[in-house]
> 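Just passing along the structure, written as structure tokens.
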Amino acid sequence: MKPQLLKGTRDFLPDHISKRKYIFDTIETVFRKYAFARIETPAMEALETLTGKYGEEGDKLLFKILNNGNFLDKADASALEAKDSQKLALSIAKRGLRYDLTVPFARFVVLHQNELVFPFKRYQIQPVWRADRPQKGRYQEFYQCDADVVGSESLLYEAELVSIYHEVFAKLGLGVEIKINNRKVLFGIAEAAGITDKFVDMTVGIDKLDKIGEEGVRKELAERGIGSESVDKIITLLAIADYKQLREHFAEGSEGWKGLQEIEQVFGFLGDSGIKDLKFEITLARGLSYYTGCIFEVAVDKSKHPNVVMGSIGGGGRYDNLTGSFGMPGLSGVGISFGAERIYDVLEELNLFPTEVLEKPRAVFMAFDEASLVWAFKAAQAVRAEGIDVEVYPDAGKIKKQMKFANDKGVQYAAIVGDQEVANKTVALKDLDTGEQVSLDLEALISKLK
RNA sequence: GUGGUUGUAGCUCAGUAGGUUAGAGCGCUAGUUUGUGGCACUAGAGGCCGUCGGUUCGAGCCCGAUCUUCCACCCCA
């Protein structure tokens, strides 16, 4: 049997884990600062819980878990006969791996509604799975870091979430653009163009503006059956970068007008808070069909990091009725998600990880002979008792080999023990960076390594 | 899911028109140095050339399938 990694999955080596931990810790610290509480949910959910929440495309990307036992016994015979995989799946798989953290959270809220205090703020850092075709920055198993609030329609939360995005990326030293739009504004555009029936087609089309340009969008919209007059109207409205100007094109009290009100309120809360990376982006649409109000997306700021090629590294928005399908209508929520893997890839590419994130033991203890090894272990235990991380090389003997071990592991100090050290109850501490070596008793050793 | 691309030593990659024992750099092991890593020098180990099948006297090289990588579309973190 040849060892293999499944498509779109990765192993994490110790250094990789240290760097990921740095990202997770940074995000978590900010989440907690805004009073979000951590929860966890199972990797698998009832397939029923997951299907139909992410649109048709999303359903195709769900990993399904084959039922245990003699599943063929209960399989849909006609679907099997007709080779209808889609239909057959329902009868042989009742569970699936979660596709994101938001839908399981909605299920969680409904299930535990009597134990929660609303508005409920939770964060969750767990892996999700998608049967997507892998690419750079796109995996089949990846971690999401989500913060959501349910049980309030206040736009204060939109402002908080924007602040969280801002603070996390500032801490990570990564220049980003936080884009904000509102589904109601998009609906207003559809209304103004008289194509509310083609709302979804319109959003998919205009989302590509910066990628395929105005002509490309015109073509795309036409192909989706939107008349040329409507297309002209849409293009005209998209050209208005300032949301305050855009309001003149919407009737007072209309959906689009309300959407602009909401955006204005979010900017109002943030005021002079110094968040310069928030930008109204009228073409931002986002695919997930459950969003109803403000929507967010975070991308690497190309003006600060021109060579980075990476899709969005975060996204989110407001959903007015997520829990509705679980029998709890009228509960509004808003949330954001960080794409930890993509953030990792970008930080790595830009060399933005501080060197101290790599967690190394302070010293490796090594001995020339068996008797010295006993003293080396004893000394190491004394140092460990002070809360200092150290390693003891397990075999006495060739110091060259042991030094190389310490060097390869990236450890700064070698604590060497031989006859003389045992006799004097000292260790010879060598700094592998500078090459300097001193003889220290335990007390001096501890204060040096602390 | 559609189209394309990639796979040779632990890693990064050469491999000329199909022709004997498949190469390099880095890394690894040992020694030069029996109380000292990094640097240098010397020697050595390590490859069913992604997998399965086909064409051929003969395949790393040609053909097919499959898996994987990356790219575009779709969608997305």
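Below, all heavy atoms of this structure are taken into account, side chains as well, without hydrogens, waters or symmetry copies. Chain A is the first sequence line, chain B the second, and so forth, proteins listed ahead of strands; every chain is numbered from 1.
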> Please name all residues satisfying side-chain contact (heavy atoms from CB on, under 4.5 Å) with Lys378(A), sequence neighbours left out, ordered by chain then number.
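Scan of Lys378(A) (side-chain contact (heavy atoms from CB on, under 4.5 Å), adjacent residues dropped) gives Trp375(A).
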> With rounding to the nearest 0.5 angstrom, report the CD1 to CG distance, Ile206(A) to Leu284(A).
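Going from CD1 on Ile206(A) over to CG on Leu284(A), the span is 9.0 Å.
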> For the pair made of CD in Glu220(A) and P in C73(B), what is the distance, rounded to whole Å?
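Distance check: Glu220(A) CD to C73(B) P gives 11 Å.
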> Who are the ring-ring contact (aromatic ring centres under 6.0 Å, His included) partners of Phe405(A), not counting sequence neighbours?
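By the ring-ring contact (aromatic ring centres under 6.0 Å, His included) rule, Phe405(A) matches Tyr393(A).
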> Contact class for Ile313(A) vs. all strands (heavy atom < 4.0 Å): base, sugar-phosphate, or nothing?
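Sugar-phosphate only.
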> Suppose you measure atom P in C70(B) against the same atom in U36(B); what distance do you get, rounded to whole Å?
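Taking atom P in both C70(B) and U36(B), they lie 46 Å apart.
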> Less than 6.0 angstrom from the centroid, inside 45 degrees of the normal: does Arg362(A) satisfy that with respect to the ring of Tyr413(A)?
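No, a cation-pi geometry is absent between Arg362(A) and Tyr413(A).
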> Under the 6.0 Å and 45° cation-pi test, does Arg32(A) pair with Tyr123(A)?
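No, Arg32(A) does not sit over the ring of Tyr123(A).
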> Set out, line by line, the N/O atom pairs under 3.5 Å between protein and nucleotides 29-32 of chain B.
from, atom 1, to, atom 2, distance (Å)
G31(B), OP1, Lys398(A), NZ, 2.9

> Ignoring hydrogens and geometry beyond distance, is a side-chain donor-acceptor pair present between Ser439(A) and Glu421(A) at under 3.5 Å?
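Glu421(A) and Ser439(A) do not have a side-chain donor-acceptor pair below 3.5 Å.
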> In whole angstrom, give me the gap between the P atoms of C49(B) and C62(B).
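Looking at atom P only, C49(B) and C62(B) are 16 Å apart.
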> If you take any heavy atom closer than 4.0 Å to RNA chain B, which residues from residues 139-149 of chain A end up in contact?
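The stretch gives Tyr139(A), Phe142(A), Gln144(A) as the residues lying under 4.0 Å from the strand, ordered by number.
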> What is the distance, to the nearest angstrom, from the CZ atom on Arg98(A) to the C1' atom on A77(B)?
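Atom-to-atom, Arg98(A) to A77(B), this comes out as 14 Å.
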> Sequence neighbours left out, what passes side-chain contact (heavy atoms from CB on, under 4.5 Å) with Glu359(A)? Give chain and number order.
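Only Ser18(A), Lys21(A) meet the side-chain contact (heavy atoms from CB on, under 4.5 Å) criterion with Glu359(A).
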> Base, sugar-phosphate, or nothing for Lys409(A), non-hydrogen atoms under 4.0 angstrom?
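Nothing: the residue Lys409(A), judged by heavy atoms under 4.0 Å, touches no strand.
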> Record whether the side chain of Glu421(A) comes under 3.5 Å of the base of G35(B) through a donor-acceptor pair of N or O atoms.
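Yes.
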> Please tell me which of Asp433(A) and Gly314(A) maps to the more 5' nucleotide of RNA chain B, matching each residue to the nucleotide holding its nearest heavy atom.
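Between the two, 5'-proximity favours Asp433(A).
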> Can you check the distance between U68(B) and G31(B), where both ends of the measurement are the P atom (answer in whole Å)?
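It works out to 44 Å between them.
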> Taking CG from Asp11(A) and P from U68(B), how many angstroms apart are they, rounded to a whole number?
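Interatomic distance, CG of Asp11(A) to P of U68(B): 16 Å.
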> Determine whether a donor-acceptor pair (one donor, one acceptor, N or O, separation below 3.5 Å) exists between the side chain of Gln420(A) and the base of G35(B).
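Answer yes: a donor N or O sits under 3.5 Å from an acceptor.
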> Using 0.5 Å steps for rounding, measure from the CG atom of Leu270(A) to the OG atom of Ser163(A).
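So the CG of Leu270(A) and the OG of Ser163(A) are separated by 5.0 Å.
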> Could Arg130(A) and Phe63(A) be counted as a cation-pi pair, given that NZ or CZ must be under 6.0 Å from the ring centre and within 45° of the axis?
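Judged by the rule, Arg130(A) and Phe63(A) form no cation-pi pair.
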> Could you write out RNA chain B as dot-bracket? Rules: Watson-Crick or G-U wobble, both distances under 3.5 Å, brackets [ ] for crossings, | for pairs with another strand, dot for unpaired.
((((..(..((((.....[...)))).(((((.......))))).....(((((..]....))))))..))))....
> Side chains of Asp100(A) and Tyr54(A) only: does a donor on one sit below 3.5 Å from an acceptor on the other?
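On atom types as modelled, these side chains qualify, holding a pair under 3.5 Å.
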> What is the distance, rounded to the nearest whole Å, between atom CD1 of Ile399(A) and atom P of G37(B)?
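In whole Å, G37(B) P and Ile399(A) CD1 are 10 Å from each other.
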> If you compare every side-chain N and O of Lys430(A) against the phosphate oxygens of U36(B) (OP1, OP2), does one of them come in below 4.0 Å?
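For U36(B), neither OP1 nor OP2 has a side-chain N or O of Lys430(A) closer than 4.0 Å.
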> Scan Val128(A) against the nucleic acid and name what it touches under 4.0 Å (heavy atoms): base, sugar-phosphate only, or nothing.
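It contacts nothing in the nucleic acid.
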> Does the side chain of Ser337(A) pick up a donor-acceptor pair with the side chain of Asp146(A) at under 3.5 Å?
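Side-chain D/A pair, Ser337(A) to Asp146(A): present.
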> Is it the case that the side chain of Glu386(A) and the backbone of Ile446(A) share a donor-acceptor pair, with hydrogens and angles ignored and the cut-off at 3.5 Å?
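Side chain of Glu386(A) to backbone of Ile446(A): no pair is present.
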> Expressed in angstrom and rounded to an integer, what is the separation of Asn407(A) atom CG from G27(B) atom C1'?
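Whole-Å distance recorded here is 14 Å.
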> Between the protein and nucleotides 1-6 of chain B, which nitrogen or oxygen pairs come in under 3.5 angstrom?
from, atom 1, to, atom 2, distance (Å)
U2(B), O4, Arg133(A), NE, 3.4
U2(B), O4, Arg133(A), NH1, 3.0
G3(B), O6, Arg133(A), NH1, 2.9

> Does any residue of residues 342-371 of chain A have a heavy atom under 4.0 Å from RNA chain B, and if so, which ones, in number order?
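When residues 342-371 of chain A is checked for heavy atoms under 4.0 Å from RNA chain B, the hits, listed by number, are Arg342(A), Phe368(A).
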> Could you tell me which residues satisfy salt bridge (charged side-chain N to carboxylate O under 4.0 Å, His left out) with Lys64(A), sequence neighbours excluded, listed by chain and number?
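With neighbours one apart ignored, the set is empty.
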> If the cut-off is 4.0 Å, is Gln135(A) near the phosphate of U69(B), judged by side-chain N/O to OP1 or OP2?
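Checking Gln135(A) against U69(B): no side-chain N or O falls below 4.0 Å of OP1 or OP2.
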> Remember a base hit wins even if backbone is also touched, and classify Gly58(A) as base, sugar-phosphate or nothing at under 4.0 Å, heavy atoms.
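Result for Gly58(A) = nothing.
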> Distance check needed: G38(B) C1' versus Glu436(A) CD, whole Å only.
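Between C1' of G38(B) and CD of Glu436(A): 16 Å.
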> What's Gly8(A) touching, base or sugar-phosphate or nothing? Going by heavy atoms closer than 4.0 Å.
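Gly8(A): backbone/sugar contact only, no base atoms under 4.0 Å.
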> What nucleotide among C74(B), C71(B), A77(B) has an atom nearest to a side-chain atom of Lys136(A)?
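Side chain of Lys136(A) sits closest to C71(B).
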> For residues 170-182 of chain A, which residue pairs pass the salt bridge (charged side-chain N to carboxylate O under 4.0 Å, His left out) check, not counting sequence neighbours?
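Residue pairs with at least one partner in residues 170-182 of chain A: Glu177(A)-Lys279(A).
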> Applying ring-ring contact (aromatic ring centres under 6.0 Å, His included), name anything that partners Phe326(A), two or more places apart in sequence or on another chain.
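Counting only residues at least two positions away or on another chain, Phe326(A) forms no ring-ring contact (aromatic ring centres under 6.0 Å, His included).
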> Given Lys425(A) and Asp441(A), is the salt bridge (Lys or Arg N to Asp or Glu O under 4.0 Å) satisfied, shown in steps?
CA-CA 6 Å; Lys425(A) 293 209 181 308; Asp441(A) 62 19; over 6 Å; no
> When the C1' atoms of A59(B) and G18(B) are considered, how many whole Å apart are they?
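These two C1' atoms come out 6 Å apart once rounded.
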> With a 3.5 Å cut-off and heavy atoms only, can you find an N or O donor on one side and an acceptor on the other between the side chain of Gln437(A) and the base of U36(B)?
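By the distance-only test, yes, there is a pair.
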> Using the C1' atom in both, what is the distance from G1(B) to G60(B), to the nearest Å?
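Between the two C1' atoms, the distance is 33 Å.
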> List the residues meeting ring-ring contact (aromatic ring centres under 6.0 Å, His included) with Phe267(A), not counting sequence neighbours, and say none if there are none.
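Expected list: Tyr243(A).
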> Do the side-chain N and O atoms of Thr292(A) and Asp320(A) include a donor-acceptor pair separated by under 3.5 angstrom?
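A pair is found: one side chain offers a donor N or O, the other an acceptor, under 3.5 Å apart.
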> Can you check the Phe338(A) CZ to A77(B) P distance for me, whole Å?
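It works out to 13 Å between those atoms.
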> Please state the P separation for the pair G3(B) and A9(B) - nearest whole angstrom.
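Taking atom P in both G3(B) and A9(B), they lie 30 Å apart.
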> If the P atom of C28(B) is compared with that of A72(B), how far apart are they to the nearest Å?
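Result for the P pair: 36 Å, nearest Å.
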> Is a donor on one side and an acceptor on the other found under 3.5 Å between the side chain of Glu141(A) and the backbone of Arg10(A)?
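Here the side-chain-to-backbone pair does not exist.
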> What integer number of Å spans the P atoms of U6(B) and C63(B)?
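That atom pair is separated by 12 Å.
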> Round to the nearest Å and state the distance from Tyr54(A) atom OH to A77(B) atom C1'.
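Rounded to the whole Å, the gap is 13 Å.
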